[in-house]
**Q** 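Here it is, the structure, as C-alpha cells.
For reference, positions follow the sequence shown, starting with 1. The figures here come from the full heavy-atom set of this structure, side chains too, leaving out hydrogens, waters and symmetry mates. Quantities reported herein were computed from a predicted structural model and do not represent experimental measurements.
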Amino acid sequence: TFSIAPISLSGCWRCHNSHVTILPSVRSGLERRGLQALIEEAAVTERRICLVIEAFYTSVRDHGQLGPAFTAILGAGDWSDHISKIVQFWMTAFRLNRAYAARDFMPAHLQHHQISAILTPHWLTLFEQTLQQHSNAMEKAAFSGIAGAMMENLAIGFAKRDDQKLIKPAPLSTDCN
C-alpha cells in the first residue's frame, strides 16, 4: 500500500517485506527539514490550496502533453468534480481535514493508461510554475515536498502497472534478505 501524508511506502521494493522504505530524494528532504515540520510551518490554508489547484488545472488544459491526457479522462467540459477531489487530497496532505480517502489515490491514477511516468516531469514542472506564481516560499516548499513524494510513489506504481523496469535506489532499510 502507499500513503501520501506522511509520505511512506510500505513494503520494500527489493524483498517485498513489510519494513518501510523511503526513496532517497524524499528521505533527503525529510532529513534536512522534516516534511511534517515543513507542512506545519507553511500553514497552508484551504483558500491557498484552492487557488493553487484551480490555477494549476487551468494551465493543465492548455499544456501540450497534460491537456490531452486529462481531457481524455475528464472530458473537455467541466472539471470541477475532479478539482474538488484534488483539493480534498491536498487538504488531507496538509492535515486540514481527512476528507480524501488515501487508499483511492493509487488506483485512481493507475486505472487510466493515458497517465504514465512520461507525464510526471511535465506535471511537476507545471506544478512548480504554478507554485512560483501563487504561493510564498514556505508554501511552495511544502507543496513541492508532497508533490515530489507523490510523483515518486506514482512512478513506482506506473512501472509496476506497465511492467517497466524502474531504476530504484537502495532502500533506506538495510535489513533486506
Side-chain angles (χ1 to χ4, degrees), residues 2-7 9 23-26 28-30 32-33 35 38-39 41-96 99-100 102 104-162 164 166-167:
F2 295 82
S3 71
I4 300 303
I7 307 304
L9 303 172
L23 298 174
S25 62
V26 175
S28 64
L30 290 171
R32 277 194 318 269
R33 179 137 191 164
L35 186 55
L38 184 58
I39 288 170
E41 288 177 43
V44 172
T45 64
E46 180 177 3
R47 183 175 176 197
R48 178 65 63 200
I49 291 169
C50 289
L51 175 71
V52 167
I53 298 309
E54 289 187 19
F56 174 70
Y57 278 97
T58 296
S59 298
V60 165
R61 282 186 183 270
D62 297 330
H63 191 273
Q65 288 78 32
L66 296 173
F70 277 83
T71 299
I73 296 164
L74 301 173
D78 185 12
W79 289 7
S80 60
D81 287 344
H82 178 71
I83 291 170
S84 292
K85 286 179 191 171
I86 302 308
V87 166
Q88 290 308 311
F89 164 83
W90 284 101
M91 295 278 291
T92 301
F94 277 106
R95 313 285 201 277
L96 298 175
Y100 185 82
D104 297 337
F105 174 81
M106 193 61 69
H109 291 83
L110 297 182
Q111 71 179 333
H112 301 291
H113 285 272
Q114 299 92 333
I115 304 174
S116 68
I118 293 168
L119 294 178
T120 59
H122 298 287
W123 189 99
L124 279 170
T125 298
L126 190 60
F127 195 66
E128 291 291 326
Q129 291 169 354
T130 303
L131 292 173
Q132 192 67 36
Q133 296 172 1
H134 298 285
S135 61
N136 65 41
M138 186 68 73
E139 293 167 338
K140 182 178 184 287
F143 271 108
S144 295
I146 295 167
M150 176 182 72
M151 285 300 159
E152 288 180 352
N153 286 343
L154 283 172
I156 292 168
F158 293 143
K160 288 180 180 180
R161 178 196 69 191
D162 301 336
Q164 297 174 347
L166 179 67
I167 299 172

**Q** Does a side-chain heavy-atom distance below 4.5 Å link Phe143 with Ile49?
**A** yes
**Q** Partners of Glu54 by salt bridge (charged side-chain N to carboxylate O under 4.0 Å, His left out), sequence neighbours excluded?
**A** none
**Q** Quick one: pull up CZ in Arg161 and CE in Met106 and give me the separation to the nearest 0.5 Å.
**A** 10.5 Å
**Q** If you take all heavy atoms of Thr130 and Ala55, which pair is closest and at what distance?
**A** CG2-CB, 3.9 Å
**Q** Tell me if the CD atom of Gln132 is crowded by more than 12 foreign heavy atoms within 6.0 Å.
**A** no
**Q** Measuring only between side-chain heavy atoms, which start at C-beta, is Phe89 closer than 4.5 Å to Asp104?
**A** no
**Q** Can you tell me how far NE2 of His134 sits from CZ of Arg48, rounded to the nearest 0.5 angstrom?
**A** 9.5 Å
**Q** Apply side-chain contact (heavy atoms from CB on, under 4.5 Å) to Lys85 and Asp81, showing your working.
**A** CA-CA 6 Å; Lys85 286 179 191 171; Asp81 287 344; 5.5 Å; no
**Q** What do the steps show when you test Ser59 against Gln129 for side-chain hydrogen bond (donor to acceptor under 3.5 Å, both in side chains), and what is the final call?
**A** CA-CA 10 Å; Ser59 298; Gln129 291 169 354; over 6 Å; no
**Q** From Asp62 CG over to Leu66 CG, what is the distance, rounded to the nearest 0.5 angstrom?
**A** 11.0 Å
**Q** For the atom pair OG (Ser84) and CE (Met91), what is the distance rounded to the nearest 0.5 Å?
**A** 11.5 Å
**Q** Could you report the tightest heavy-atom contact between Ala142 and Ile39, atom names first, then the distance?
**A** CB-CA, 4.3 Å
**Q** Between Tyr100 and Phe105, which heavy-atom pair has the shortest distance, and what is it?
**A** OH-CA, 3.3 Å
**Q** To the nearest 0.5 Å, how far apart are NE2 in His109 and CE in Met151?
**A** 6.5 Å
**Q** Write down the atom of Arg61, the atom of Ala76, and the distance for their closest heavy-atom approach.
**A** NH1-O, 3.1 Å
**Q** Counting only pairs under 3.5 Å, give me each side-chain donor-acceptor contact of residues 115-125, with atom names and distances, residues two or more places apart or in other chains.
**A**
residue	atom	partner	partner atom	Å
Ser116	OG	Ile118	N	3.4
Thr120	OG1	Ala117	O	2.8
Thr125	OG1	Pro121	O	2.8

**Q** If you round to the nearest 0.5 Å, how far is CD1 of Ile53 from CD1 of Ile86?
**A** 7.0 Å
**Q** Any donor-acceptor pair under 3.5 Å linking the side chain of His112 with the backbone of Gln114?
**A** no
**Q** Applying ring-ring contact (aromatic ring centres under 6.0 Å, His included), name anything that partners Tyr57, two or more places apart in sequence or on another chain.
**A** Phe70, His82
**Q** Determine, stepwise, if the pair Leu131 / Phe56 fulfils side-chain contact (heavy atoms from CB on, under 4.5 Å).
**A** CA-CA 8 Å; Leu131 292 173; Phe56 174 70; over 6 Å; no
**Q** Yes or no on side-chain contact (heavy atoms from CB on, under 4.5 Å) for Val44 and Trp90, after CA distance, side-chain angles and deciding distance?
**A** CA-CA 10 Å; Val44 172; Trp90 284 101; over 6 Å; no
**Q** Do other residues, nucleotides or ligands put more than 12 heavy atoms under 6.0 Å from the CD atom of Gln65?
**A** yes
